[in-house]
Amino acid sequence: MTTSPPNVQSISQMAAAHPDFFTGLNPEQEAAVRTVQGPVLVLAGAGTGKTRVLTTRIAHILAQGLARPWEILCVTFTNKAAREMRERAQKLIGASAEGLQNLGTFHSIAAQILRRHAELVGLKSSFNILDDDDQVRLLKAIFEQENIDQKRYTPKSFAWHIDQWKNKGLTPDKVKGGEGSEFAGNRGVKLYQMYQDRLRILNACDFGDLLLHNLDILTRHPDILETYHRKFKYVLVDEYQDTNVAQYLWLRLLTPASRNLCCVGDDDQSIYGWRGAEVDNILKFERDYPGAKVIRLERNYRSTRHILAAAAGLIKANTARLGKTLFTDQEGGEKVQVQGLWDGAAEAQFVAEDMERLHKGTRDANPRKWSDMAVLVRASFQMRAFEERFVMLQIPYTVVGGPRFFERAEIRDAIAYLRLIQSPDDDLAFERIINVPKRGIGDATVQKLLQQARLAGVSVMTAVRDLIQTDELPARAKTPLVGFMRDFTRWLDLSKDMQANVLLDTILTDSGYYDMQRADKTSGQTRLDNLKELGDSMAAFDDLSAFLEHVSLVMDLERDNGGDSVRLMTLHAAKGLEFPVVYLPGWEEGIFPSQRSMDEGGLKSLEEERRLAYVGITRAREQARISFVANRQVYGRWTNQIPSRFVDELPIDNVEATSQTGYASQGWQSQQSRWDRAGYEPNYTKKEKPAYGGDLAGVDMSRLEPKARPTPHRQPAPAKPSAKNFKLGERVFHMKFGYGLIVEIEGNKLIVNFETSGDKKVIDSFVERA
DNA sequence: TAGGCCCGCGTTTTT
DNA sequence: CGCGGGCCTA
């Protein structure tokens, strides 16, 4: 990493040439930018211009000559946020934004620091960063060694515990009783320690370690801490409400004596508690940094009055808040619409038809682009109904989020090959690809190799190299191993002077990996395309290790943004985004708020769910549509649903409620009993008019007796599929994948090329003619 | 070793 | 209902 020479002078000149740093900022924003000395907490409500404040603040500090670009530590949670920040800083200060080397995610900056001092925690600076797949595999090996019943105690759930500990900054010696230590008969701590030991042997760490090792180094070596204090003159933090304990401690350590720390966040948008985020961090900022200035950004530039008021009315029900009152100049606008519907299909139909209407435009309203509209759901299983409907009506849509590129199996396989080339001692990479594609090296053999390596205290690769010299292995296992080692040695040679992407191509060709994928009619082509994309993205890196670092920390690839299509995503994925029109379906007790979440975390989780609802509503600029249903199919079973308590919490003046069926009154009745059973208090008594209107269905609910439940919808049993009813080349519709062409018929299976995904799929379930 | 069958389970997931 | 993991058999 090269450092450009200090050039403060030219930055000031640049600032002089851009006197418009502050024009267009409101007084609070300007104060948040100008208050550069000492601790500052900027409480930035939704849509109040927080990124603008952060970037202008950076520009201001540089323009004033208070620091040089690399002396500013600016941390974000996501790569996307970091990228956006850099781009916007660049617009303000031009090329010197390149020097902002310490603008990045918590993890990428922590990784940089750790690589510099790795030996202090027993790692080499070339350490490998494990993904969760490797993590689970490692735990599995430990569990096997310890004879732990992996049905009762899954490695995955233990990985979750480890994550929680690390989020809290707890190394094995600091874990107290309870909090997961009782795992597998009180062996939690021991297993955690074993896991850490294994990581050290593998010269690897997981995501949590990046920060944890930082804490270790910075607390045990004051001299090193001192160098960072000298280095970072200003510290800026984005989304402070999402910091966990480890990140909090890390920031406390790195904050220089001058306490030039500026944290920006919104306690009402803290939605990652289950990932270890502590809203408390932002709530106690003033206590942590006495004399801190707190600046509230409350002028909202995004939403209309009704939308803001509806969101405010909802979030008011939360107890632990710093409190803000957002306001806007935008007059009027439409009220938030609350729609009761019969079932999930009706809901999807309602949303899709409403979208079509808005897309077409009316006499009073201009047509909306598809990309102006988004559907935000609580959980991804809710997406399916919408996808089906969109496909049926030919509404273009994009699922935002979804399976991530670098987490796809084929991409991980390819990367494992590369990791093995880069460091042949990477046992986890070895284990991943030794029998992919199938080489006849089965589980038994692999286990034997692992055991052998452990006994000898060497890496698996070394063990294999030794073993094939002997006669200890049966020929059936030995022959393919010899073959693999021969290939591997050749690749290793090639790697010395071959471009990384060419090398990968060679490996995947020689190993038969491409052939294996080509043989897979179902999704082989998609996977090959993904590998192609991987190769293309590698071309930008001149060496393998730079690429691998990028892969483990910058786990997203710039994908195409979907063009003009409706967006479909979870509420979590929607944070930081905004849309003119937002649909919020599934506001039913048990779904939103999620039953599971409340079972696990009680009132605290309920408040987080409410913040999620708040985030959802505040994504909308002009129109927000909330809906709930009476009947919903969940995992193939019909269930009666009752409206979410959040519906009742919406202020009636800002909401317009309608119902298709009148069942909502019954829903309200059962909601009472549900609350009773759950021990929650509804925020109105039976006699009061519920907030969404007792006249919802033209019925006075207070006089309603509990009635028989509405008859659930019955779906006709799907016809048993029979391929002989179909012809080659026919256009068919499949419930899950949409429209497609039959390209092959094999026995009772159809191979269909689907239009939306471009994937070929083998279909033996319900298909109807288009 | 590898393919097939059965059982269990099913939020959100920035790095 | 539909998928993935684990177990069993050819």
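Letters go in sequence order (proteins before strands), and every chain restarts at 1. Model, not experiment: these values are computed from the prediction.
- If A/G440 and A/K575 are placed on DNA chain B by their nearest nucleotide, the residue sitting closer to the 5' end is A/G440.
- A straight line from CG of A/D242 to P of B/dT12 spans 18 Å, rounded to a whole angstrom.
- Atom CD of A/Q382 and atom P of B/dG10 are 17 Å apart (whole Å).
- In this structure, CZ on A/R596 lies 12.0 Å from CH2 on A/W274, to the nearest 0.5 angstrom.
- Of the C1' atoms belonging to C/dG2 and B/dT13, the separation is 22 Å, rounded to the nearest Å.
- A close approach under 4.0 Å does not occur between any side-chain nitrogen or oxygen of A/S108 and OP1 or OP2 of B/dT15.
- Side-chain nitrogen and oxygen atoms of A/K156 include none within less than 4.0 Å of the OP1 or OP2 phosphate oxygen of C/dG4.
- In this pair, A/F158 and A/F143 present their aromatic rings tilted. The plane angle is within the 30 to 60° band.
- The pair A/D163-A/R275 meets the salt-bridge criterion, with a side-chain N (NZ, NE, NH1 or NH2) lying under 4.0 Å from an Asp/Glu carboxylate O.
- Distances shown here put every side-chain N or O of A/T76 at or beyond 4.0 Å from the OP1 or OP2 atom of B/dT14.
- The interatomic distance linking A/R83 (CZ) with B/dT15 (C1') rounds to 13 Å, in whole Å.
- Annotation: of the two residues near DNA chain B, A/R439 and A/E609, the 5′-most nearest-nucleotide partner is A/R439.
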Please tabulate, for the side chains in residues 235-242 of chain A, all donor-acceptor contacts under 3.5 angstrom to protein atoms that are two or more places apart in sequence or on a different chain.
{"residue": "A/D238", "atom": "OD1", "partner": "A/K50", "partner atom": "NZ", "Å": "3.0"}
{"residue": "A/E239", "atom": "OE1", "partner": "A/Q241", "partner atom": "NE2", "Å": "2.8"}
{"residue": "A/E239", "atom": "OE2", "partner": "A/K50", "partner atom": "NZ", "Å": "3.3"}
{"residue": "A/Q241", "atom": "OE1", "partner": "A/D266", "partner atom": "N", "Å": "3.0"}
{"residue": "A/D242", "atom": "OD2", "partner": "A/K575", "partner atom": "NZ", "Å": "2.3"}

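- Under 4.0 angstrom from either OP1 or OP2 of B/dT14 there lies no side-chain N or O belonging to A/T105.
- For A/R439, there are no salt bridge (Lys or Arg N to Asp or Glu O under 4.0 Å) partners, not counting sequence neighbours.
- Under the stacking definition used here (centres under 5.5 Å, planes under 30°), the residue A/Y272 fails to qualify as stacked on the base of B/dT12.
- The nearest whole Å value for the distance from the CD atom in A/E239 to the P atom in B/dT14 is 14 Å.
- Distance, A/H572 NE2 to B/dT11 P: 13 Å, rounded to whole Å.
- Whole-Å rounding puts the A/F381 CZ to C/dC1 P distance at 17 Å.
- Picking from B/dT11, B/dT13, B/dT15 the nucleotide with the shortest atom distance to the side chain of A/N79 gives B/dT15.
- Atom CG of A/N167 is separated from atom P of B/dT14 by 14 Å (rounded to the nearest Å).
- Across the protein-nucleic acid pair, A/N435 atom CG and B/dG3 atom P stand 10 Å apart, rounded to whole Å.
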